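Structure first, then comments.
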Number of protein chains: 2
Amino acid sequence: MRTGEKPEIARLPLFREMDEAKRERVFAGSFLQVFPPQLTLFEAGQHPDFLHVLVDGLVELSASSGDRDTTMRIVEPVTSFILAAVVNDLPYLMTARTLEASRILLVPAALVRELINQDTALMQATMHELALAYRGLVRALVDMKTRQSAERLGNYLLRQQARRQEGGLIQLQAEKRLLASLLGMTPENLSRAFSVLSNHGVRVEGSNITIADHEALSAFAHPDKIPV
Amino acid sequence: MRTGEKPEIARLPLFREMDEAKRERVFAGSFLQVFPPQLTLFEAGQHPDFLHVLVDGLVELSASSGDRDTTMRIVEPVTSFILAAVVNDLPYLMTARTLEASRILLVPAALVRELINQDTALMQATMHELALAYRGLVRALVDMKTRQSAERLGNYLLRQQARRQEGGLIQLQAEKRLLASLLGMTPENLSRAFSVLSNHGVRVEGSNITIADHEALSAFAHPDKIPV
DNA sequence: CCCTCGGATTGATGATTATCAATTCGAGGC
DNA sequence: GCCTCGAATTGATAATCATCAATCCGAGGG
């Protein structure tokens, strides 16, 4: 593991509250592995063997029903994923695949569950993490049910801008076809949605997006009012 | 509280693992209140004062963005709701209103958080509950993103039938307009979806639905394959 | 530097869903 | 038993979104 990586992982909400000794047990029992791009890490329906922590790279979580499939989340470092499946020891509901070459910390699921049950602080952190994730999904579902495609894109851009405290510039991390799937639309309609937003304060140059007029975009996209 | 109610609440996943003394503290610190139909219990954005347990009646959880709003869940007794907001002490993301006259146990949020932090079994139960709720929402979001309206209705009927172990008869608990909103469509399209399903093994008589041909409906609706 | 290839864009068309309007249906009140 | 009112249904039309097809564009390889 490179210098500075352990601290970064230790700073994750999940591991932050553990005492140092337990954290060492996590690291000792885990594997840090490098994966090439476009590799499937696990598939929906499989039994969860590891909690995954993306240390470096980019990962897509997707799900399918019948023959259609959809991107559920784009995981950026440093973040853990599929905590719910590990906690409940129930099959993954999503398929994970690397988008770029990625380094991932694999923490054995049984170890995670064991430590959670030994360490109240960790259990509490897990509980809070799950509750926050739940709220995120509530918002995502409301988004999908109440907004049409260009509005969803507008809100996505507003959220991205808020997350990275910078000015108005947003760099898309992944291909637009992927963003389209994440937002529940086709690549063609994503293009059209971008051109709609160009009338509402958004400037697009390839994968560099600028929110030129925050007011106008907000008026169009009706972003969530409830904070956090 | 009527006879037999406490045991029923005590049987909830959340309270099942608590020791008797703590459970008594919950009941002692809570209020069982009766609400008339169509009453708003709380609104999205408010600070969560109580964990709610629906003892009797029917409650709708809805959310909105801009001027559109949508039904997120129809709560049947005996179930607790809005656990995530209480755990995280963050504003409600949904609005709750009674559909019928309802009796609801109101457990002060601060008390819930206090007991969770004192009682590891309760914390663990909460964690599992949240993880399961998370999985439920993942499925709901996939459903919304990958299936069209008649398929969503078909899957809803299949799930309802599975939940109540009976034969093929399903009784809709709420108005169809509400079901439409839950499934992310208009009442008009719900009607049309029902008539589509009549060609795929479903018989409709008012709010009595019969799945006459489970095979045919499954073939049409492509239900989830992953169990639990 | 040019070529190639896959993603992105644009246009045309079709499917799905929403909206508007008009009945029909059914439960509750008189 | 009839009336009334809101929900449910049905039909017609419009908006949104997907699909198909044809370029356009840009990064990587020769």
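Note: hydrogens, waters and symmetry copies are ignored here, and every other heavy atom, side chains too, is used. Just so it is clear, the structure is predicted and the values come from calculations on it, not from any experiment.
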Next item on the list: Give me the first and last nucleotide of DNA chain D, going 5' to 3', that has any atom under 4.0 Å from a heavy atom of chain A.
Entry: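 Footprint of chain A along DNA chain D, 5' to 3': dT16(D) to dC20(D).
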Next item on the list: Specify the residues of residues 196-209 of chain B, ordered by number, for which at least one heavy atom lies under 4.0 angstrom from an atom of DNA chain D.
Entry: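 DNA chain D contact set from residues 196-209 of chain B: none.
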Any donor-acceptor N/O pair, [X] side chain to [Y] backbone, under 3.5 Å:
{"X": "T210(A)", "Y": "L169(A)", "result": "no"}
{"X": "E151(A)", "Y": "Q148(A)", "result": "yes"}
{"X": "R97(A)", "Y": "S62(A)", "result": "no"}
{"X": "R152(A)", "Y": "G184(A)", "result": "yes"}

Checklist line | E8(A) and R103(A) ion-paired at < 4.0 Å | finding: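 No, this pair does not count.
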Next item on the list: Please identify each residue that fulfils side-chain contact (heavy atoms from CB on, under 4.5 Å) with D49(A), with sequence neighbours left out.
Entry: H47(A)
Note to self: List the residues meeting side-chain contact (heavy atoms from CB on, under 4.5 Å) with A180(A), not counting sequence neighbours, and say none if there are none.
What the structure shows: M185(A), P187(A), L190(A)
Item checked: Minimum-distance pair of heavy atoms, taken over all atoms of M127(A) and T126(B) -> SD-CG2, 3.8 Å
Notebook entry, point to check: Which residue lies toward the 5' end of DNA chain D, E175(B) or S195(B), if each is placed at its nearest nucleotide?
Noted result: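 In this pair, the answer is E175(B).
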Next item on the list: Just say parallel, tilted or perpendicular for the rings of H52(B) and F81(B), cut-offs at 30° and 60°.
Entry: tilted
Check: In whole angstrom, what separates Q38(A)'s CD from dG6(C)'s P?
Finding: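 Taking atom P of dG6(C) as the reference, CD of Q38(A) is at 13 Å.
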Notebook entry, point to check: Could you give the CG-to-C1' distance, from L153(A) to dT9(C), as a whole number of Å?
Noted result: 15 Å
Next item on the list: Quick one: which residue pairs count as a salt bridge (charged side-chain N to carboxylate O under 4.0 Å, His left out) with a foot in residues 180-207 of chain A, not counting sequence neighbours?
Entry: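 Applying salt bridge (charged side-chain N to carboxylate O under 4.0 Å, His left out) to every pair that reaches into residues 180-207 of chain A, excluding sequence neighbours, yields nothing.
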Margin query: At under 4.0 Å between heavy atoms, how does the protein contact nucleotides 16-27 of chain C? Give one character per nucleotide, 5' to 3', with B, S or -.
Written below: SSBBB-------
